[in-house]
Amino acid sequence: SLELRESAIDSATAIIRDHPMLGVGLGNFREVARQIYADKYFRPPHNSVLWAQAEGGIGVLLCYLALFAVTWRDLRRARTAAAHDPELAALATALRTVFGLLLFFSVFADLWLSPLAYLLIGLTVSLRTQSEAALGAARGPGASLTRPARRAA
């Protein structure tokens, strides 16, 4: 198993070195590793970062990182907006923990193409929307969600 991983990581780094900007094309890692780089195992590199850059180049990697950064920001916003509701706050904290674990273990596994990652992103968007709506309802009609409520002097 260790030889398989080392071989896949070596193939991925060679592909990234040879094709840093555009990669080898989405879905082409296995065939390119087998045909061009003579990888006898031709398996994915078990590292989401390497796999994304090897197949799609720096552009795909940056898009993934931007997607996950926006999702993390949305989780922070959901936790802040849900501070008054213990149930939503607990859900936001749990979702942030699970999403953080997904990002951490994506270094050791191919998780960015897993449907679980996109399910977590969808849950984050829904939670942020729900918690901001609950915050708006708590502040009253017409209150801004982005600015704190002003007090009359």
Side-chain angles (χ1 to χ4, degrees), residues 4-6 8-33 37 42-151:
L4 294 173
R5 285 183 184 252
E6 286 178 352
I9 289 172
D10 290 342
S11 295
T13 54
I15 289 171
I16 291 169
R17 184 184 60 243
D18 294 344
H19 307 280
M21 296 305 289
L22 298 176
V24 293
L26 299 177
N28 292 333
F29 181 84
R30 291 180 178 144
E31 286 304 311
V32 170
Y37 295 92
F42 57 94
R43 297 180 54 155
H46 294 293
N47 181 322
S48 296
V49 178
L50 287 177
W51 198 5
Q53 190 169 2
E55 284 193 352
I58 194 73
V60 169
L61 179 63
L62 291 176
C63 286
Y64 268 122
L65 295 177
L67 174 67
F68 295 141
V70 167
T71 303
W72 191 260
R73 186 200 67 201
D74 284 351
L75 280 169
R76 275 198 346 235
R77 287 176 60 189
R79 287 188 69 218
T80 302
H84 68 284
D85 187 349
E87 293 172 351
L88 286 177
L91 186 59
T93 301
L95 194 55
R96 184 183 70 158
T97 302
V98 171
F99 190 70
L101 287 171
L102 176 112
L103 293 179
F104 175 74
F105 283 106
S106 69
V107 176
F108 309 107
D110 309 323
L111 296 178
W112 288 2
L113 298 178
S114 168
L116 177 63
Y118 304 102
L119 178 66
L120 290 174
I121 291 169
L123 287 171
T124 298
V125 170
S126 299
L127 178 66
R128 190 204 69 209
T129 304
Q130 181 67 28
S131 59
E132 286 180 349
L135 179 63
R139 287 186 177 172
S144 173
L145 294 177
T146 57
R147 296 185 199 163
R150 294 185 186 192
R151 295 184 183 197

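- Thr124 and Thr71 make their closest contact through CG2-O, 3.6 Å (heavy atoms, listed as atom of the first residue, atom of the second, distance).
- Across all their heavy atoms, Glu55 and Phe29 have their closest contact at OE2-CB, 3.2 Å.
- Two residues are said to be in side-chain contact when any heavy atoms from C-beta on lie closer than 4.5 Å; Phe99 and Ile121 meet this criterion.
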So Asp110 and His46, side chain to side chain contact (heavy atoms under 4.5 Å, CB included) or not? Walk me through it.
CA-CA 5 Å; Asp110 309 323; His46 294 293; 3.7 Å; yes
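- The ring pair (Phe, Tyr, Trp, His ring centres under 6.0 Å) check on Phe105 picks up nothing, with sequence neighbours excluded.
- Summarising the geometry of Ala78 relative to Ala92, their closest heavy-atom pair is C-CB, 4.4 Å, with the distance given to 0.1 Å.
- Of the possible polar contacts, one joining the Ser106 side chain to the Leu103 backbone as a donor-acceptor pair under 3.5 Å is found.
- With values rounded to the nearest 0.5 angstrom, Leu120 atom CG is found 11.5 Å from Leu127 atom CG.
- A side-chain donor-acceptor contact under 3.5 Å links Ser48 to the backbone of Leu111.
- The distance from the CG atom of Leu75 to the OG1 atom of Thr80 is 10.5 Å, given to the nearest 0.5 Å.
- Here the OG-CZ distance, from Ser131 to Arg79, works out to 11.5 Å after rounding to the nearest 0.5 Å.
- When every heavy atom of Ala82 is checked against every heavy atom of Leu88, the shortest pair comes out as CB-CB, 3.5 Å.
- Taking CD1 from Ile9 and CG from Leu50, the interatomic distance works out to 6.5 Å, rounded to the nearest 0.5 Å.
- One finds the CH2 atom of Trp112 at 8.0 Å from the CG atom of Asn47 (value rounded to the nearest 0.5 Å).
- Taking the side chain as every heavy atom from C-beta outward, Val98 and Leu102 never approach each other to under 4.5 Å.
- The number of heavy atoms from other shown groups lying within 6.0 Å of CG (Leu101) is above 12.
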Determine, step by step, whether Arg73 and Val70 satisfy the side chain to side chain contact (heavy atoms under 4.5 Å, CB included) criterion, reporting the C-alpha distance in whole Å, the side-chain angles of both residues, the deciding distance to 0.1 Å, and the verdict.
CA-CA 5 Å; Arg73 186 200 67 201; Val70 167; 3.9 Å; yes
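- Annotation for Ile15 and Ala54: closest pair CG2-O, 3.5 Å, computed over non-hydrogen atoms.
- The two residues Phe108 and Arg5 make their nearest non-hydrogen contact at O-NH1, 3.3 Å.
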